[in-house]
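We name chains A, B, ... by the order of the sequence lines, and we start the count at 1 in each one.
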There are 2 protein chains.
Amino acid sequence: MRGLAKVNTGTEAPRRTRIQQEKRELILEAALEVFSTNGFRGSTIDQIAEAAGMSKPNLLYYFRRKEDIHETLMQRLLDTWLAPLRELDDIGDPLTELRSYIRRKLEMARDFPRESRLFANEILQGAPRIMPLLAGELKTLVDEKAAVIKGWMRAGKIARTDPWHLIFSIWATTQHYADFDVQVRAVLGPNRGGDGRFEDAARFLEQLFLDGLKPKG
Amino acid sequence: MRGLAKVNTGTEAPRRTRIQQEKRELILEAALEVFSTNGFRGSTIDQIAEAAGMSKPNLLYYFRRKEDIHETLMQRLLDTWLAPLRELDDIGDPLTELRSYIRRKLEMARDFPRESRLFANEILQGAPRIMPLLAGELKTLVDEKAAVIKGWMRAGKIARTDPWHLIFSIWATTQHYADFDVQVRAVLGPNRGGDGRFEDAARFLEQLFLDGLKPKG
DNA sequence: CAAATTTTTGACCGATTGGACAAACGTTAG
DNA sequence: CTAACGTTTGTCCAATCGGTCAAAAATTTG
């Protein structure tokens, strides 16, 4: 007999067997690899199936459509991706809070470069699949944190600037080390492009965001 | 009779008619639009041909292969893309030089967002077609400018930091406004996401790179 | 004008794509 | 054992892909 249709829902409520959970994870892991380096349109189901070590029809048994895989991936991504910003809290010293936010974001770029590239690919192509999330959930979160930062400015704890662009600049500088990793390593060369480049980046970013470039004195 | 094979070389020395020059420009303009939003693999010759207002075989008369279009596009891009960095000069006040470099890069993100996204797409996917250029020409240029910046640091004109990561951070923050434009506009909302966002970004970045976030005291 | 050349097009090709489907296989409960 | 259910696969399909080709149309040249 054929498998039940229930399995393939992809987005609906799950009642999954052990094998289904395992295989779905396997597929998502493989799809993350493929999608993050080739983009959605540039990736094929065959590629993902091969990376997951199964046949194409077998993969399509767990995810009915290519889009379902991508969608599931993006949903998971956004939660973990915004976690560092959610943690930015009003308690504690503002400069310390910002510094550790930068550090956490840089660590995510180092530890989850594929997730970063998957996200970058989506945004680059106009965010066709997550536009509502950007204008909704993301904007709400950023506005909320911008208000926190504004409070710090009013209290004289940090310099007065635009909180939104401040957040953008933190995103940009940290994700750069994931999204443009190839370029970073090529420019730094074999000596400085090794594992130490993230420590160097952390040191530099801390100095940039705290003190800027003006010489002391 | 059929057209001559000479026309399609794409990379070789050109001896082109007026029509050939015009049509090639038309195609490259259309291809920039398509490639920058869909990536190389995600774009089709049909899409480019339609955007250029001609039939697919007609397009293939001017560029024999899809790759030839992309290659021509990338070659042109790199020259204009690195122009601002080349202009970074040892004459003049260091802080002013850096500030105007940032401004020029931000203007490029504003005026040539498609070029920026084309480049980002290529790097994101591992830079398969321009890797030699990154490790060669680009690295040489950056190393050269890093030396200039180091000189400024030794002279006490700017704070001591890592020149390479400084350049990375300028690239990241400015190109962010082209590559992640959709996200920027979504987060800023209808009010602040309008044309003024680049002015706001310019003001913010100037302050960030010069003074950092520490409150004045 | 007419001949030569350049440009454009419609028809076509093999390969690859996302996906469907039934049959086969594996597993487990009674 | 067997029936029921979950899993896997080979085969197939229509659509789309990059690209070819010969002939028609347009343009340039003498």
Side-chain angles (χ1 to χ4, degrees), chain A residues 1-12 14-28 30-31 34-35 37-73 128-129, chain B residues 1-12 14-28 30-31 34-35 37-73 128-129:
Chain A
M1 289 287 171
R2 289 181 53 211
L4 296 179
K6 260 187 241 167
V7 177
N8 286 334
T9 50
T11 51
E12 285 171 22
R15 178 193 292 255
R16 307 215 162 93
T17 70
R18 179 184 50 86
I19 291 187
Q20 276 167 29
Q21 281 194 350
E22 289 173 4
K23 291 295 171 89
R24 281 175 65 92
E25 288 307 315
L26 231 167
I27 292 169
L28 289 172
V34 175
F35 279 143
T37 57
N38 298 108
F40 180 76
R41 292 206 54 191
S43 304
T44 72
I45 301 183
D46 288 281
Q47 279 177 311
I48 301 172
E50 194 196 333
M54 63 180 71
S55 66
K56 180 169 68 171
N58 198 184
L59 182 147
L60 286 168
Y61 171 69
Y62 294 102
F63 290 90
R64 190 138 51 191
R65 297 174 307 147
K66 181 185 172 185
E67 255 197 86
D68 290 344
I69 311 175
H70 192 264
E71 200 181 316
T72 307
L73 228 37
R129 296 164 229 280
Chain B
M1 288 289 169
R2 290 182 51 210
L4 295 181
K6 261 189 241 168
V7 176
N8 285 336
T9 50
T11 50
E12 286 172 19
R15 179 194 291 254
R16 306 213 162 95
T17 70
R18 178 184 52 85
I19 292 187
Q20 275 167 29
Q21 280 195 349
E22 288 173 4
K23 291 297 171 89
R24 281 175 66 93
E25 286 309 315
L26 232 168
I27 292 169
L28 289 172
V34 176
F35 279 143
T37 58
N38 299 108
F40 180 76
R41 290 206 54 191
S43 305
T44 72
I45 300 183
D46 287 282
Q47 280 177 311
I48 301 172
E50 194 194 332
M54 63 180 70
S55 65
K56 180 169 67 171
N58 198 184
L59 182 148
L60 285 167
Y61 170 69
Y62 294 102
F63 290 90
R64 191 137 50 191
R65 296 174 309 148
K66 182 184 172 186
E67 257 196 86
D68 291 345
I69 311 175
H70 192 264
E71 199 181 317
T72 308
L73 227 37
R129 297 163 227 282

Rounding to 0.5 Å, atoms CZ (Arg41(A)) and NZ (Lys66(A)) come to a distance of 8.0 Å
note: Leu60(B), atom CG; dC13(C), atom C1'; distance rounded to Å ~ 14 Å
To the nearest angstrom, the CD1-P distance between Ile45(B) and dC17(D) comes to 10 Å
Tyr62(B) OH to dT6(C) P, in whole Å, measures 11 Å
Taking the side chain as everything from C-beta on, heavy atoms only, tell me whether Glu71(A) gets closer than 4.5 Å to Phe63(A). no
Whole-Å distance, Glu22(A) CD to dT27(C) P, equals 13 Å
side-chain hydrogen bond (donor to acceptor under 3.5 Å, both in side chains) filter on Gln21(B), not counting sequence neighbours, yields none
Protein-nucleic acid N or O pairs under 3.5 Å, nucleotides 9-12 of chain C:
from: dT9(C); atom 1: OP2; to: Ser55(B); atom 2: OG; distance (Å): 3.3

Between CZ of Arg65(B) and P of dT20(D) the distance, given in whole Å, is 9 Å
Per atom distances to the Asp46(B) side chain, the nearest of dT8(C), dC17(D), dG18(C) is dC17(D)
Here the distance between atom P of dT16(D) and atom CD of Glu50(B), to the nearest Å, is 13 Å
Rounded to whole Å, CD of Gln21(A) lies from P of dT7(D) at a distance of 11 Å
Of the listed dT7(C), dC17(D), dT17(C), the closest approach to the Arg41(A) side chain comes from dC17(D)
For Glu67(A), the side-chain contact (heavy atoms from CB on, under 4.5 Å) test, sequence neighbours excluded, returns Phe40(A), Arg65(A), Arg129(A)
Among the nucleotides dT8(D), dG18(C), dG18(D), whichever has the atom closest to the side chain of Lys66(B) is dG18(D)
To the nearest angstrom, the CD-C1' distance between Gln47(A) and dC17(D) comes to 15 Å
Side-chain polar contacts of residues 43-50 of chain B - donor-acceptor pairs under 3.5 angstrom, sequence neighbours left out - could you list them?
from: Ser43(B); atom 1: OG; to: Val34(B); atom 2: O; distance (Å): 3.3
from: Ser43(B); atom 1: OG; to: Gly39(B); atom 2: O; distance (Å): 2.5
from: Thr44(B); atom 1: OG1; to: Gln47(B); atom 2: N; distance (Å): 3.0
from: Gln47(B); atom 1: OE1; to: Thr44(B); atom 2: N; distance (Å): 2.9

Considering only heavy side-chain atoms of Arg64(A), the closest of dA20(C), dT8(C), dG18(C) is dA20(C)
Validation row: Leu26(A), Tyr62(A) side chains within 4.5 angstrom (heavy atoms):
no
In this structure, CD1 of Ile27(A) is separated from CD of Glu25(A) (nearest 0.5 Å) by 10.0 Å
